[in-house]
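What you see is a predicted model; the values in this text were computed from it and never measured.
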Amino acid sequence: MSGRLRLLPVFVAAYLLFLYAPILLIPIFSFNNAASTTFPLAGFTWKWYVTLAGNTVMLDAARNSLIVGVSVSILATLFGICAARAITRYDFRGKRLTSGLIMAPLFLPEIIVAISLLMIVLAMGAELSLLTVILGQTVFCIPYSMAVLVSGFEGFDRSLEEASQDLGETAFGTFRRVTLPVVAPAILSSLLVAFTISLDEFILAFFLTGTQQTLPVYIWGQLRFAAKLPSVLALGSLMLLASVFLLTLAEIFRRRAESRKILQEVPHG
């Protein structure tokens, strides 16, 4: 048993290397002074990042991704708040079934979800646009938001709301003044997680976008040209950095929500 425990750090290191080494190669080759992605590097350069600033098509795609990401994060969080509050606060018939249906997009193949949403949009006669991308990604992001928000609503002391209502506050006022401040870290975490998923999401955007493409769809189109690869790697590095930053913030807010829940559960002497 001791020998196996000694091999555990080696296994973990090998696993992390296998998982993250390909991702780390993206920023490394983005500074290569040649279009080829081979070692040794031809030299160090910033020119691929400089060219991004003058790429109007890429900037338009970035603006579209920002519009979609902000819209999806807000909508998914709003729906997630309603779902998480209902799941954690009330007992009703079909509660487990309802929760399972909301979480279903997490377990279904994303391409199946994308094709289904595309068929619905076409059957309704709607045009493919950023709006259809927003609606599709919102459906996909609601389970992630709900998973984050459930942890924030669980363990919430209902006596705080009861005390507020006993003092004459309305139900909406109680939710705004008492509930929301307590679960605010979970809400911020949900916003960041949904925005990050929307920013990196490709399949739904590929099927549901029209003439206004998002960044992942733009990157997919550029990969057909070998000369565009260095700029794509530079753009991918920036997106990777943004994703890591946002997910780190989301984890910080999630842990704050967990800490508040633990403090509420500790009996006061």
Side-chain angles (χ1 to χ4, degrees), residues 67-124 126 130-158 161 171-172 174-176 179-180 182-209 214 216 243 246-247 249-251 253-258 260-261:
I67 294 173
V68 172
V70 172
S71 303
V72 169
S73 63
I74 294 175
L75 289 174
T77 299
L78 289 176
F79 286 117
I81 289 174
C82 297
R85 182 173 173 83
I87 294 298
T88 57
R89 186 59 51 87
Y90 305 105
D91 290 325
F92 52 90
R93 182 176 299 178
K95 178 178 178 178
R96 291 185 178 180
L97 177 61
T98 302
S99 178
L101 290 175
I102 295 175
M103 303 299 291
L106 290 178
F107 309 102
L108 295 175
E110 189 176 354
I111 190 170
I112 301 300
V113 177
I115 294 174
S116 302
L117 292 174
L118 177 62
M119 292 176 61
I120 294 174
V121 171
L122 295 179
M124 295 176 59
L130 290 182
L131 179 60
T132 56
V133 178
I134 291 171
L135 295 177
Q137 290 190 359
T138 298
V139 173
F140 186 73
C141 289
I142 286 176
Y144 293 94
S145 294
M146 178 178 166
V148 173
L149 291 164
V150 163
S151 64
F153 278 101
E154 282 183 342
F156 180 79
D157 191 356
R158 296 187 61 179
E161 293 182 333
F172 177 77
T174 298
F175 183 78
R176 181 172 62 89
T179 307
L180 282 183
V182 175
V183 299
I187 293 175
L188 292 175
S189 180
S190 171
L191 290 169
L192 292 172
V193 169
F195 180 84
T196 303
I197 294 173
S198 173
L199 180 66
D200 298 334
E201 203 283 322
F202 167 73
I203 297 179
L204 287 171
F206 181 78
F207 276 86
L208 298 177
T209 190
T214 60
S243 299
L246 292 174
L247 289 176
L249 283 181
E251 179 63 15
F253 288 124
R254 188 194 67 81
R255 292 190 177 186
R256 287 184 179 180
E258 289 289 335
R260 288 190 178 186
K261 184 175 69 173

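Identified under the ring pair (Phe, Tyr, Trp, His ring centres under 6.0 Å) test for residues 185-205, with sequence neighbours left out: F202-F206, F202-W220.
How far CG of L149 is from CD1 of I81: 5.5 Å, rounded to the nearest 0.5 Å. Distance check, rounded to the nearest 0.5 Å: CG of L122 to OG1 of T132 gives 9.5 Å. To the nearest 0.5 Å, atoms CD1 (I187) and CG (L192) are separated by 12.0 Å. E110 contributes atom CD, which lies 10.0 Å from atom CZ of F207 (distance to the nearest 0.5 angstrom). Here the CD1-CD1 distance, from I111 to I203, works out to 6.0 Å after rounding to the nearest 0.5 Å. Note that the CD1 atom of I112 and the CG atom of L117 stand 11.5 Å from one another [nearest 0.5 Å].
Shortest non-hydrogen contact noted between A76 and C141 is CB-CB, 3.9 Å. Nearest heavy atom pair, residue L106 against residue P143, reads CG-CB, 3.5 Å. Of all the heavy atoms in V148 and S190, the pair that sits closest is CG1-N, 3.9 Å.
Using modelled atom types, no side-chain atom of S71 and backbone atom of V68 make a donor-acceptor pair closer than 3.5 Å. Judged by distance alone, with hydrogens and angles left aside, the side-chain atoms of S198 form no donor-acceptor pair with the main-chain N or O of V72 at under 3.5 Å.
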Worksheet item: Checking side-chain contact (heavy atoms from CB on, under 4.5 Å) for the pair L135/V139: CA distance, chi angles, key distance, verdict?
Response: CA-CA 6 Å; L135 295 177; V139 173; 5.9 Å; no
Evaluate the criterion side-chain contact (heavy atoms from CB on, under 4.5 Å) for residue pair S99 and M146; output intermediate values, then yes/no.
CA-CA 10 Å; S99 178; M146 178 178 166; 3.8 Å; yes
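With sequence neighbours excluded, the residues forming a side chain to side chain contact (heavy atoms under 4.5 Å, CB included) with T98 are F92, I102, listed by chain and number. Applying the side chain to side chain contact (heavy atoms under 4.5 Å, CB included) criterion to A205, with sequence neighbours excluded, gives V133, Q137, E201, T214, V217.
When side chains are defined from C-beta on, M103 does not count as touching I142, because their heavy atoms never get closer than 4.5 Å.
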